[in-house]
Visitor: 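Dropping a structure here in structure tokens format, bear with me for questions.
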Amino acid sequence: MAQNGTRATGPRCIALVGPFQSGKTTLMEAILARTGAVQRQGTVEAGTTVGDGSKEARHHVMSVELSVATTTFMGESFTFIDCPGSVEFAQDMRAALPAVDAAVVVCEMDEKKVPQLQLILRELEDQKIPHFLFLNKIDKADSTIHDVLKLLQPASRLKLLLRQIPTFSGDLITGFVDLALERAFVYKEHAPSQVIPLEGETLDQEKTARFSMLEALADHDDELMEQLLSDIQPPSDKVFDDLSKEVREGLVCPTLIGSATRTNGVLRLLKAIRHESPDVATTAKRIGVRPGADCVAYVMKSMHTSHGGKMSIVRVLSGQIPDSSTFITPEREAGRVAGIFKLLGQTTEKRGPATAGETVALGKLDHANTGDTLTLGKQAHADLLKVAPLPPVLSLAIAAKERKDDVKLGQALHKLVEEDPSLSVVHNAEAHEVVAWGQGEMHLRVASERLADRFGVAVATRKPTVGYRETIKKGIVQRGRHKKQSGGHGQYGDVVVDIKPLPRGSGFQFTEEIKGGVVPRNYIPSVEEGVADALKHGPLGFPVVDISVKLIDGSYHTVDSSDMAFQLAGRLAIHEGLPQCQPVLLEPIYQVEIVVPSEATAKMNALMSGRRGQILGFDTREGWDGWDVVRVQMPETEIGDLIVEVRSATAGVGSYTCRFDHMAEVTGRTAEQIVAAKKAAAAAA
Ligand SMILES: Nc1nc2c(ncn2[C@@H]2O[C@H](COP(=O)(O)OP(=O)(O)OP(=O)(O)O)[C@@H](O)[C@H]2O)c(=O)[nH]1
Ligand SMILES: [Mg+2]
């Protein structure tokens, strides 16, 4: 293991994370071009990048899953995990992060993206993952770049340490000064920057900025502090050692600048990563790999490919994986490896055994899922880290366009959920619906596209059915008589029932008070059956609840009475009685907890009034400085696309969780609309 400032060696695995569209995929492409893994640097616009190689990512021109590429830099192997920036696809990043050595957080000089940056940095800080900031799109930057730390520091709990400052020619950024190296560079497009003399005004700026950087490092190094106080220039080895040590220990976060599209600043970033990120032994220790454990690997993502096989992207944390080895997890046998592959986006290249530190794809591990901890041999290693799925925030009912695909749809959904546990599937038996829950409109849209593209199941989606009910406000005593005299055998059943409303949540109760055998015992269960059946569709079209039905009288015929006749009589009594009992519609009300940055709390008020929500209270969010929790009760139907508005009010970072609370009466226009929609749907069916 690398000690203090000495450089780590061996294969490294680095995550590229950051707010939506900050340039992660482009940066990975620039890195691959700079290190010679690709001949020509592709662009996301032209759909020619190694990352975002899936049909869905190309189609939407954004990352919708992680992309992995391994390259060699200065004789060492580096694997980059390009993570989607959209919050809707954040699960991929969360699942991969535990096993990386370090992360590069790609960001921009954009105030609107700071909240999302904060969320990502928080995740890295909580998991103690060493990280760098890469301020991208420097080609578009102006002089406000001098305030970069003022803009970004509030998002980070670690001290941000500016490692490079830009140099200008007029308003144009033409290069940078590296404050650790104390060297000035001019940018060359798609070529390494050139060293130029550091002199004049630039030298003065460099001195000031370097002093700030050293001061930040000295917060964790008394010797350096003394040197600074006594005006002694610290040796440059010491500065580099301190940088490495403090980055690895998660004490500071260096900030580098550059432009991914022009490949500017990429080489220096790579050098910083190479020099300052920890090795796999440190990472294994961080996430709790048992010392002396033989072969342990972590599944960053398992995928079902379109040609049917399963691929698991794993980081080897200790030991070696030979081909054809059989893995176990604490719960099950994960399968036998059929092929070990080096990845370059969608391109796979078969290779030999993988060793500690490497990130590879394993073929055909049929029972390995995202987040699994794999071990060879008989004794499983305890699960390293089970990343909890993000709570679902949006749902859609999904059906196969062709009935023959129903079974295939179920299987394909199961596979998608295995790959991405932030997607879940609920079967609504009452509405005969398969409901997919996910992280947003795009997440669910991409899931539908994958069903079609990868699994060959074309699907139609619609809003999920809400579980409305109805009940009655007053009681009635009602007779139901079924009598038919046609030719030979007649039919005869006659009942009188006392129908009454019950308190909310009581459901359906059936009792009887038959005296003198006016309805023979053996027919009473049939009456109950008929009543229960009639209650499935009340006068408004919905299941009736919170109602008691007591059988109090009736009559029978020795020859013509039968189970069927009494069932029909029971049903008739309900059909005729209920419309006179002031039926009312009931809708599910949910308890919703919305979490938002405090600036957006007031906006939630307005949002709720438009969605029939009732605010129960506000609180500060525990452990989250500057965030609030808003507790609300709102109808299920109004929750619908709540997430879309919560996100738009919070630069994408707000979210909510909810659970069913109770059923409540709906009246007026809202109720009329719901009933009319149900009638229309029933007529169309
Ligand atoms: N001007 C400029 N544009 C850039 C730079 N890097 C990326 N872009 C543009 O920014 C947009 C997003 O780039 P991507 O690389 O897809 O960003 P991303 O962070 O991977 O996006 P998601 O994964 O969808 O979050 C594209 O239009 C890029 O061309 C840069 O250095 N300068
Ligand atoms: Mg991307």
Side-chain angles (χ1 to χ4, degrees), residues 15 17-22 24-25 52 54 56-57 59-67 81-97 113 115-120 122-123 300-303 369-371 386-398 412-426 434-451 454 459 461-464 590 592-597 600 607 624 627 636 639-659:
V17 298
F20 186 50
Q21 295 280 297
S22 61
K24 301 167 286 294
T25 304
D52 292 358
S54 73
E56 295 78 25
H59 174 64
H60 296 290
V61 201
M62 63 182 271
S63 301
V64 297
E65 68 254 298
L66 52 76
S67 303
I81 317 282
D82 168 26
C83 300
S86 158
V87 287
E88 299 189 26
F89 299 94
Q91 189 70 26
D92 261 17
M93 170 188 79
R94 289 157 48 92
L97 278 186
K113 291 190 177 176
Q116 217 203 325
L117 176 68
Q118 182 177 29
L119 223 55
I120 292 165
R122 213 189 139 89
E123 186 98 32
M300 295 176 133
K301 171 113 186 165
S302 73
M303 277 180 305
N369 295 331
T370 304
K386 278 286 177 195
V387 179
L390 291 162
V393 291
L394 191 75
S395 61
L396 265 186
I398 292 192
L413 277 171
H414 180 75
K415 287 177 178 170
L416 285 184
V417 171
E418 252 178 32
E419 286 179 11
D420 172 7
S422 71
L423 182 75
S424 52
V425 174
V426 179
V434 176
V435 181
W437 278 91
Q439 301 303 315
E441 287 173 322
M442 188 56 101
H443 188 226
L444 292 173
R445 187 180 315 160
V446 167
S448 308
E449 290 168 0
R450 284 182 182 141
L451 288 171
R454 232 196 289 158
V459 294
T461 58
R462 60 180 161 88
K463 263 174 81 168
Y590 275 64
V592 183
E593 271 193 17
I594 309 175
V595 288
V596 290
L607 194 61
W624 288 67
W627 282 64
E636 180 183 347
I639 295 178
D641 61 351
L642 175 68
I643 190 65
V644 177
E645 290 194 44
V646 169
R647 285 193 181 136
S648 88
T650 58
V653 295
S655 192
Y656 78 89
T657 50
C658 68
R659 61 180 166 75

Visitor: Which distance, rounded to the nearest 0.5 Å, do you find between the CG of Asp420 and the CD of Gln439?
Guide: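 CD of Gln439 is found 7.5 Å from CG of Asp420.
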
Visitor: Looking at Glu419 and Arg450, does any basic side-chain N land under 4.0 Å from a carboxylate oxygen?
Guide: no

Visitor: Test Thr25 against Ser63 for side chain to side chain donor-acceptor pair (under 3.5 Å), laying out the working first.
Guide: CA-CA 8 Å; Thr25 304; Ser63 301; 2.9 Å; yes

Visitor: Mind checking whether Val434 and Leu413 have side chains closer than 4.5 Å, heavy atoms only?
Guide: yes

Visitor: Measure the shortest side-chain to side-chain distance between Arg454 and Lys415 over non-hydrogen atoms and say whether it is less than 4.5 angstrom.
Guide: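 The answer is no; the side chains never approach within 4.5 Å.
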
Visitor: On a heavy-atom basis, which atom in Ala95 and which in Thr370 lie closest, and how many Å separate them?
Guide: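 Looking at all heavy atoms of both residues, the shortest contact is CB-CG2, 3.6 Å.
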
Visitor: Could you measure the distance from the NE2 atom of His443 to the CG atom of Leu394? Nearest 0.5 Å is fine.
Guide: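 Output value for this atom pair is 10.5 Å.
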
Visitor: On a heavy-atom basis, which atom in Leu607 and which in Glu645 lie closest, and how many Å separate them?
Guide: CD1-OE1, 2.6 Å

Visitor: If you compare all heavy atoms of Tyr656 against all heavy atoms of Val592, which two are closest, and at what distance to 0.1 Å?
Guide: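 Shortest heavy-atom contact: CD1-CG1, 3.7 Å.
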
Visitor: Would you confirm whether Gln116, through its side chain, and Gly652, through its main-chain N or O, come within 3.5 Å as a donor-acceptor pair?
Guide: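 Here the side-chain-to-backbone pair does not exist.
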
Visitor: Report yes or no: does Lys24 contribute a side-chain atom to a donor-acceptor pair with the main-chain N or O of Pro19 at less than 3.5 Å?
Guide: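 Side chain of Lys24 to backbone of Pro19: a pair is present.
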
Visitor: Just by modelled atom types, is the Ala388 backbone N or O under 3.5 Å from a matching donor or acceptor in the Arg94 side chain?
Guide: yes

Visitor: Report the residue from Asp82, Asp92, Asp52 that forms a side-chain contact (heavy atoms from CB on, under 4.5 Å) with Glu65.
Guide: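 That would be Asp92.
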
Visitor: Using the rule given for side-chain contact (heavy atoms from CB on, under 4.5 Å), can you reason through Leu119 versus Trp624, listing the C-alpha separation, both sets of side-chain angles and the distance that settles it, and then say yes or no?
Guide: CA-CA 10 Å; Leu119 223 55; Trp624 288 67; 3.5 Å; yes

Visitor: Over all heavy atoms of both residues, which pair between Ser302 and Asn369 is shortest? Give the atoms and the distance, please.
Guide: OG-CA, 3.6 Å

Visitor: Rounded to the nearest 0.5 Å, how far apart are CD1 of Ile643 and CD1 of Ile594?
Guide: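 Here the interatomic distance stands at 9.0 Å.
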
Visitor: For a quick test of reading the model, state the closest non-hydrogen atom pair linking Met442 to Glu88 and the distance between them.
Guide: N-OE1, 2.9 Å

Visitor: State, with a plain yes or no, whether a side-chain heavy atom of Val653 is found less than 4.5 Å away from one of Pro597.
Guide: yes

Visitor: Indicate the atoms forming the closest heavy-atom contact of Val459 with Ser448, along with that distance.
Guide: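 In this case the closest contact between Val459 and Ser448 is CG2-CB, 3.8 Å.
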
Visitor: As an exercise, state the distance from SG of Cys658 to CG of Leu642, rounded to the nearest 0.5 Å.
Guide: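 These two atoms lie 8.5 Å from each other.
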
Visitor: State whether the number of non-hydrogen atoms from other residues, nucleotides or ligands found under 6.0 Å of Lys386 atom NZ is greater than 12.
Guide: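 Yes.
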
Visitor: Would you compute the distance between atom NZ of Lys301 and atom CD of Gln91 and round it to the nearest 0.5 angstrom?
Guide: 9.0 Å

Visitor: To the nearest 0.5 Å, what is the distance between CD on Gln118 and CH2 on Trp627?
Guide: 7.0 Å

